[in-house]
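Computation of the quantities below employed the complete heavy-atom set of this structure, encompassing side-chain atoms and omitting hydrogens, waters and symmetry-equivalent molecules. Labels below follow one simple rule: chain letters A, B, ... track the order of the sequence lines, proteins then strands, and each chain is numbered from 1.
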Amino acid sequence: MSLDKKQFLQAYRTMRTIRDFEYRVSDEFGKGNIPGFLHLYAGQEAIATGMCMNLSDDDYIVSTHRGHGHCIAKGGDVGDMMKEIMAKQGGSCAGKGGSMHIAAVEKGMLGANAIVGGGPPLIVGAALSAKTLGTGSVGVSFTGDGGSNQGTTFEAMNLAVVLQVPAIFLFENNGYGEGTAAGYAVGSKDIASRAAAFGMPALKVDGADIFETYKTCKKAVDHCRSGKGPIAIEASITRFRGHFEGDAQQYRGKGEVKRLMKELDCLKIASDLGIKQKLATKAELKAIDAEVAVYIDEAATTALAASSPDVSELLTDVYSSAY
Amino acid sequence: MSLDKKQFLQAYRTMRTIRDFEYRVSDEFGKGNIPGFLHLYAGQEAIATGMCMNLSDDDYIVSTHRGHGHCIAKGGDVGDMMKEIMAKQGGSCAGKGGSMHIAAVEKGMLGANAIVGGGPPLIVGAALSAKTLGTGSVGVSFTGDGGSNQGTTFEAMNLAVVLQVPAIFLFENNGYGEGTAAGYAVGSKDIASRAAAFGMPALKVDGADIFETYKTCKKAVDHCRSGKGPIAIEASITRFRGHFEGDAQQYRGKGEVKRLMKELDCLKIASDLGIKQKLATKAELKAIDAEVAVYIDEAATTALAASSPDVSELLTDVYSSAY
Amino acid sequence: MPIKTYRQAINEAMAQEMRRDSSVIVIGEDVAGGAGCDGERDAYGGVMGVTKGLFPEFGESRVIDTPITESAIMGAAAGAAQTGLRPIAELMFMDFLGVCFDQIYNQAAKFRYMFGGKAQCPMVVRTMAGAGLRGGAQHSQNLTQMVTMVPGLKVVCPTNAYDAKGLLITAIRDNDCVIFVEDKFLYETSCDVPDEMYAISFGEANFLREGTDVTIVGISNTVNKALAVADRLAAEGISCDVIDPRTTSPLDEESIIESVEVTGRLVIVDEMTPRCGIAADISSIIAEKAFGALRAPITKVTAAHSPIPFAPALEDAWMPQESDIEAAVRAVLGYVR
Amino acid sequence: MPIKTYRQAINEAMAQEMRRDSSVIVIGEDVAGGAGCDGERDAYGGVMGVTKGLFPEFGESRVIDTPITESAIMGAAAGAAQTGLRPIAELMFMDFLGVCFDQIYNQAAKFRYMFGGKAQCPMVVRTMAGAGLRGGAQHSQNLTQMVTMVPGLKVVCPTNAYDAKGLLITAIRDNDCVIFVEDKFLYETSCDVPDEMYAISFGEANFLREGTDVTIVGISNTVNKALAVADRLAAEGISCDVIDPRTTSPLDEESIIESVEVTGRLVIVDEMTPRCGIAADISSIIAEKAFGALRAPITKVTAAHSPIPFAPALEDAWMPQESDIEAAVRAVLGYVR
Ligand SMILES: Cc1ncc(C[n+]2csc(CCOP(=O)(O)OP(=O)(O)O)c2C)c(N)n1
Ligand SMILES: Cc1ncc(C[n+]2csc(CCOP(=O)(O)OP(=O)(O)O)c2C)c(N)n1
Ligand SMILES: [Mg+2]
Ligand SMILES: [Mg+2]
């Protein structure tokens, strides 16, 4: 297998953390404790995890409106994230960003982005910094199947090829952009081969399998680190939740969600494979589950108790210096 | 050959008209009779001609900053165009557009566009009208190699595929976008195959050969008219002039322009092939040359003598109704 | 008269115009929803349900779901408008202007003029603006000023269901590119809206309340806040003229001038950032054209000069509130040179 | 002191800053020129030759030619600015904002705030604006208002070579996203420009001429026109204060207020369309904050509310001319309530 025992346990913990985080956040949203819009990453955990395990804090990622998972996988502080999403003091973005702008800049997570297609051009820049400054870092943009059709994404791929920067365009194809099927919106029906036609290698992977995603992401990161320019990955997966919390998902087929949640549950797949490969015992995984549950509960409880940002902060940090 | 005698003579006349128009315009620019920026189509005549011979007034084209040739080929009035470029009353756009906004809306030439990549989204709309209203018309966007890298162009191709509209994306690869080589700026080094990866057929053609361009364009137009959705063409060619009039072209190799002007002169190629194929005699072509020369001279002379638009027109046609 | 919500009124205007004129189409992201899916079509009817029901009635040739591709949507609408259709293109959130603005301000807005009057571009861009829903910095902006400044565009910002229907009908029938800015805070508000079709002319302000002490002009939902303030102040004997321009382009300058000539005092409220906004614009018009009537500083009540914060307390502080309007009114009344 | 053109001054500021700080890079279309070609590199040095010579000195890792891809250029600059570089990104013509505006106003401008002060975006967007070169509707616009309205951006509009150098040095050293608007009419103008590096602070207006009768504020090249008018009127004994704000964001309100408190009359000139422009913005600030000092209507001299026509006679009529400024000054002087 592509992961050794330690790595596997780490991967499992990260995925479980994301899953629990998302479900807790969903609950709190239902209780009215979270303002605004909420797009959850539940179901896609193996992708962020498989990629970010190949990255260090010196590598960069940019994310989407569905950014909690990317942020956690990149090492963002879960307590701060919970506070941010609940609009509290001490939040990752001081309460100014919220779910759609979750970030952990100090960890190289340069921010979620509520503009579909907003991230890919930015990652070209982060990768350009890496190349120009010779840091050996790579940049990864997480983009959806929907975002794969945005002009900014195409431009970013072409520019990355022209400049030969270490950028990875990771497309998470969860089948839908809001209520529109990827099979409709992606005219070519194939995100990877369209990316390849821009002049870079493009890989495909089953995004529900952490072993496969880790391996494929490793290939891509190695490619970039060795100076071979950009590369693309299309990871297929499903969304466990609606596009946003509150979405009735009537566009999905009868029983589709239920079926796919069973077939494509990366945590289930990971634990089955991990146990089978003797990378972990059931008990070990249960112990992680229990630890994560406590961890998330603490984060949520602390966040709930935190106070709102002070109104005096309204005009701070618009500019970096006196204005 | 793909063209019969009548068609050939028509094609030759159109190409010669464009060539003479451009050189006259260049002269007048040199004499200070034309304000603003000027991008000439000289050298690329076979492409506009080969395409537009397959179109009727009910078909649509959108063009670029280098639009004179497209406008003439689509039937734009040469006298009005000359006036427009000289900023005179009676100009195609009443003197409000100029070279970069030359248009012949009544002929389906929806306008030159000074925003690189501005046209392709528009042609999707024109093709959508054709499809929705069932007119059987097609839409053609002329775009450069440089414009092929713009996000709007990519978006337009994807949307055209998704909506299956009768749109033709005709890329004129003249090797340069300003002073940057297509081989540098097009990361994939291949505009046609990149377009194909969007999910439509893509053809390549030697843009200096009117017989070939006509044939390839016919194939594309037939494809669209028969309801098979969009299609792309990459026509390779060279620019006879600088990016704009006044461009010293130091980025071009030593002797390159001279050599290519010889090798890729569509008028020379057409007359050689046409005479060889007995589609025309030397004398017939000379007669056309002479007629066109008079025609262009008359257009220029008339335009030079025309008066400037009246200042009272400054605020007309901002809106279609009282504002 | 039947009571309808702002959402219903907008929906009805589209449906009625689409019945009347087969060249009217709707195009955008999830304007129906469910394209290519195994489940239901019309699953969204627009992310806020505003276009719901149009797909079942008019079908996929006239209610067109697109990929996420705003430049191509706006461009396709503009190209279609030049060639015989009358598209209503949806820009889901006004914040997204940045990914398609060229097709609006350099293309659709300029065709007619650039081509010497020989082209026209009868399209409507329906979009949604406004803060207060905790949407964060990229989903809460009202950028009405950014389109109002563009010659060739017309800009409409309905503040109630009745106006929304009448103004949208006018917009669809208009031969220019009209930006129709829906305030997302108003979708659930309702009032009497006739079943018949009716058109409200552009450039005609609505006098919501007549008064003699202070003129208050509000844009989008802020006019409703202004009205509430005026109602309260009336109890104290402060008499406010409350004006809703309804369209910022064209702008009914005359009505505002007329009012200021009576009151001598002007407060302008919008929910945009302060620099180069609609409040600034109207202020400058009055400072130039009705200077002689002014008895107090023209006072702007706008949002703060910052991106829109997520936290409710901050966002509320960012937005102009009734208390801000009230304070401004009292200040201009209390002004002594 | 050596005389240099506006073009040379801008070029020198970049070269000197690039020497001083190796994290400064230049990126854009044909900023060198000749990429991938058989002929010369640095064949353009920017379409107006402003970046000429940087490529030979700093090489292709710091002077980066790109495809025609403005969104990716601005995004790459913003991403690079977040991660250790200090990019100077060129937007060839300001008219092209529409194909990349999202990366500027929703991304670069908002990072710092959205991420709670943890990010910064030290980038400069150099761009070229202004009419009069017969560039037509899509190559002549000054859209300074469109960026000035955006919180998080700083906006600079130098009006002479000396200011251009000092302001660009400040812009490059600034840790926020700065839009540097070059007036294309000024590239050939020249004045004394020191060889040394010097920085001019943002938000400090330049008093070009002191006067007591009328304050004239001009933006970009219009301030030079205003100065010419003031010089002429001085012969008649009309004394004008001419102010160049130099940066529209931050704006030196205080200096304008101070001046208006002396003169009591204000004429504002810009070369933008009239709605929601800089003239409107400044007018509204003065009408609110210095109302008591005003003795006449605040008068705007702006371009017309239309796309920019190609024909010289029309374009000249579209642009604010010296005669328009003069007429406005005389009108405010002649005003009686
Ligand atoms: C420019 C832009 N257009 C539209 C939207 C509205 N929107 C938010 S998420 C989304 C769907 C994105 O789909 P995809 O990229 O597949 O990501 P997923 O939601 O599946 O994670 C849309 C249309 C937006 N935020 N930005
Ligand atoms: C959006 C935009 N970016 C840049 C320019 C400046 N510009 C005008 S033409 C041109 C080169 C276009 O190259 P190509 O598409 O190959 O067309 P060609 O000039 O070769 O006909 C550039 C960069 C522009 N007009 N619009
Ligand atoms: Mg998706
Ligand atoms: Mg080219």
How many angstroms lie between atom [atom1] of [X] and atom [atom2] of [Y], to the nearest 0.5 angstrom?
X	Y	atom1	atom2	answer
C/K118	B/E106	NZ	CD	6.0 Å
C/F115	B/S92	CZ	OG	10.5 Å
C/Q103	B/I115	CD	CD1	9.5 Å

Residue pair C/T83 / B/L110, side-chain heavy-atom distance below 4.5 Å: yes
Is any side-chain heavy atom of B/Y323 closer than 4.5 Å to a side-chain heavy atom of C/P151?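 B/Y323 vs C/P151: side chains apart.
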Using every non-hydrogen atom in the two residues, find where B/Y319 and C/D176 come nearest and quote the distance to one decimal.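 Reported closest heavy-atom pair: CB-OD2, 3.4 Å.
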Less than 3.5 Å apart, which donor and acceptor atoms pair up between the side chains of residues 67-82 of chain C and the rest of the protein, not counting sequence neighbours?
residue	atom	partner	partner atom	Å
C/T69	OG1	B/E155	OE1	2.7
C/E70	OE1	A/Q150	NE2	2.9
C/S71	OG	C/V99	O	2.6

Is any residue of residues 61-87 of chain B within less than 4.5 Å of chain C by heavy atoms, and which ones? none
Just checking heavy atoms, which of residues 160-170 of chain B are less than 4.5 Å from chain C?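 Residues of residues 160-170 of chain B touching chain C at under 4.5 Å: B/V162, B/L163.
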For B/S321, is it the side chain, the backbone, both, or neither that has a heavy atom closer than 4.5 Å to a heavy atom of chain C?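 Both parts, backbone and side chain.
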Residue B/L128 versus chain C: region with a heavy atom under 4.5 Å: both
Residues of residues 18-40 of chain C with any heavy atom under 4.5 Å of a heavy atom in chain B: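 Residues C/I25, C/I27 are the ones that qualify, each having a heavy atom under 4.5 Å from chain B.
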